Amino acid sequence: MSSHSHSSSWTSFLKSIASYNGDLSSLTAPPFILSPTSLVEYSQFWGEHPDLLIAPNFIGDKDSYENAANADEIAQDRIIAVTKWFISTLRSQYCSRNESLGSEKKPLNPFLGELFVGKWGDEKLGETVLLSEQVSHHPPVTAYAIFNDKNNVELQGYNGIRASISTTSINVKQYGHAILKFKNLNEEFLITLPPLHIEGLLVASPFVELEGKSIIQSSSGYISVVEFSGRGYFSGKKNSYKARIFKDKAASSNKENALFTISGQWSGKSQIYQGSSTSSKEFSEFYDANAIEPIHLTVKDISQQNNLESRKAWKKVADAIKLGNYDLIHREKSELEQEQRELRKKETESGIKWETRFFEERDLEDLPEAGKKSDPLIGLSNLANLSRKNVVSGTIRGDKEDKTSSSYIHWRFVRENWDKESEIVV
Ligand SMILES: CCC(=O)OC[C@H](C)CC[C@H]1O[C@H]2C[C@H]3[C@@H]4CC=C5C[C@@H](O)CC[C@]5(C)[C@H]4CC[C@]3(C)[C@H]2[C@@H]1C
C-alpha cells in the first residue's frame, strides 16, 4: 500500500481512467506517478546483458548446419541461448522503474523524431550501439536497432501499444516484433512481444505483470514458446514463465514434444529440464535475474547532445518531475508540446512530411520477386505460422485479428542511414 493510495490526486486519477478514451497519454496522472524518462529510452532494455545477446554467435559456425552430425544439438544450444538472452531482458523492461522509482511510472510521451542513442563498451565483445527513434507520435511507435559490428550481431524491432482499462487494471497489447540476426552464422530469429497488464492501481503502487506468450522462431526451424503467468495463476508466483523448446512449429502443438522445458520466474531464478516435464529431479540452473546486474549503456553528457536527443529535449520537464512541482511540470510540458504543434503545422502548410532518420516503413504484403532479398519476417512468420500483418504481436495466421484489413507495413532499420549520419554520435 503506497502512501499515495488515499491521496485525493490518486483517487481523482482512478476516476479519470473510468472515462478512458484509448490514448494513455491523454490521462492526467498525478505528479508522483510521472517518470522523468521518455518511452524512447525503453529500447535500451533489450541490450543490458550484451554478453547474453552476443553469446549465440560463439555456438557452432556458419557450416554447422550443413554438414555437422550434431547440427541439431547446435541449433538447440543456440535457441536455448537466445531464450536466455530474451528472459534476461525482462527484469529491465518491466521491473526497473519499480526498483529505481518505487513503482511503475508513466513514461514521458516521446515527440515525433525523438532520438535516444548510446553504447555498451567491452574489450572482448567490442562496442554495441543502440539507436532508438520515435518514428510515429499518433499512434506512438518506437523503432530501435542494437548492433555489434565486431561479432556481426544485429537486433532490430519496433514497439507500439494499445491499452484498454478495466476497473482495476490497465490491459496492454503490444504491436511490433524484434528480429535478431547472427550474420556470421547465417541464422536469424523472430521474437514476438507479450501482452501485459498493470496491477496495483488501487493501492497506487502499479507494477507490470506479463501474460500470454512470446514466440522465438529460428530460421533453423527450432522454436521456443514462452508462456507467462502471474500470482494467482497455476504457479502462484508473480512474474512466472515456462519456456518450451521444440524442433519446429508443428511439434509445438503438443507440449509432450518439448525437447527442453525452462521454468521459474523471469524476475528471479529459473531452471532447465530435459524433455517436457518439470517434475524430474534432473534439472540445472538456467538463469538468475538478480545474480548479474544489468549493464547500463553509456549516454553522452547532455551538453554534447543534439536537440532531438531525449534527455536534452526533456531536461526541464524531467527536472520539474524530480522536484514534484506540478505547475512547473505542466508549464514545461506545454512549452515542448506547443513547439511540436507548431512544427507539425509548418510541415502541413509546406507539404513537407517529417522524415524519419534511421528507420523506414516497409510493406511486406507482396512477396519479393525471385532473387530479390526478402525481409526476414516473411520466412520466419511462415515457419511460426504467424500473421505477417501489423496486428497484435504474435497473432496466429488465420486468427480473427489476422483477417482484419490491417496493413503489412512494418518499421525496418536502414543501416546506410547510420553509416552516413554526420550529426548524431554515440
Ligand atoms: C497513463 C495512466 C497511468 O499513468 O497509469 C499509471 C501507471 C504507471 C500505469 C500506466 C503506465 O505503465 C507503464 C508501463 C509501460 C510499459 C513498460 C515496458 C514496456 C516494454 C518496452 O519494450 C515497450 C514499452 C512498454 C510496453 C511500456 C509501454 C507503456 C507502459 C504500459 C506505461 C503505462 C502508461
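The structure presented is a predicted model; accordingly, all values stated were derived computationally and were not measured. We count ligands from 1, going down the list as the structure has it; atoms in each ligand are counted the same way.
- Ranking protein heavy atoms by distance to atom 24 (C) of ligand 1, first place goes to Asn159 OD1, 3.9 Å.
- Judged by a 6.0 Å distance limit and a 45° cone about the ring axis, Lys183 is not positioned over the six-membered ring of Phe147.
- If you look at Leu193 next to ligand 1, there are no close heavy atoms at all, none under 4.0 Å.
- Protein heavy atoms are found less than 4.0 angstrom from atom 2 (C) of ligand 1.
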Exercise. Does the side chain to side chain donor-acceptor pair (under 3.5 Å) test come out yes or no for His410 and Glu361, once each step is laid out?
Worked result: CA-CA 5 Å; His410 299 278; Glu361 288 185 296; over 6 Å; no

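- More than 12 heavy atoms of other residues, nucleotides or ligands sit less than 6.0 Å from atom NZ of Lys312.
- Looking only at heavy atoms of the protein, atom 34 (C) of ligand 1 is closest to Leu24 CD1, 3.4 Å.
- The single protein non-hydrogen atom nearest to atom 9 (C) of ligand 1 is Ile198 CG2, 3.8 Å, given as residue, atom name and distance.
- Ligand 1 is approached by Tyr94 to a heavy-atom distance shorter than 4.0 Å.
- Judged by a 6.0 Å distance limit and a 45° cone about the ring axis, Lys213 is not positioned over the six-membered ring of Phe228.
- Ion pairing between a basic and an acidic side chain is recognised when a charged N comes within 4.0 Å of a carboxylate O; Arg231 and Glu209 show no such pairing.
- Contact annotation for atom 30 (C) of ligand 1: protein absent (non-hydrogen atoms, distance under 4.0 Å).
- Of the options Lys173, Gln174, Gln44, Lys105, the smallest heavy-atom separation from atom 26 (C) of ligand 1 is shown by Gln174.
- Here the shortest heavy-atom distance to atom 22 (O) of ligand 1, taken over Glu199, Lys106, Gln93, Glu104, belongs to Gln93.
- At the top of the distance list for atom 25 (C) of ligand 1, counting protein heavy atoms only, stands Tyr42 CD2, 4.6 Å.
- At a heavy-atom distance under 4.0 Å, only side-chain atoms of Phe13, from C-beta outward, approach ligand 1.
- Judged by the 6.0 Å distance and 45° axis criteria, Arg78 is not positioned over the aromatic ring of Tyr222.
- For Phe359 and Trp411, the ring centers sit 6.0 Å or farther from each other.
- The aromatic rings of Tyr326 and His330 are tilted relative to each other, their planes meeting at an angle between 30° and 60°.
- There is no protein heavy atom closer than 4.0 angstrom to atom 16 (C) of ligand 1.
- Under the 30°/60° scheme for interplanar angles, the aromatic rings of Tyr144 and Trp46 are found to lie parallel.
- If you check each of Pro194, Ser35, Pro107 against atom 32 (C) of ligand 1, the one with the closest non-hydrogen atom is Pro107.
- Looking at Trp46 next to ligand 1, no N or O pair under 3.5 Å apart turns up.
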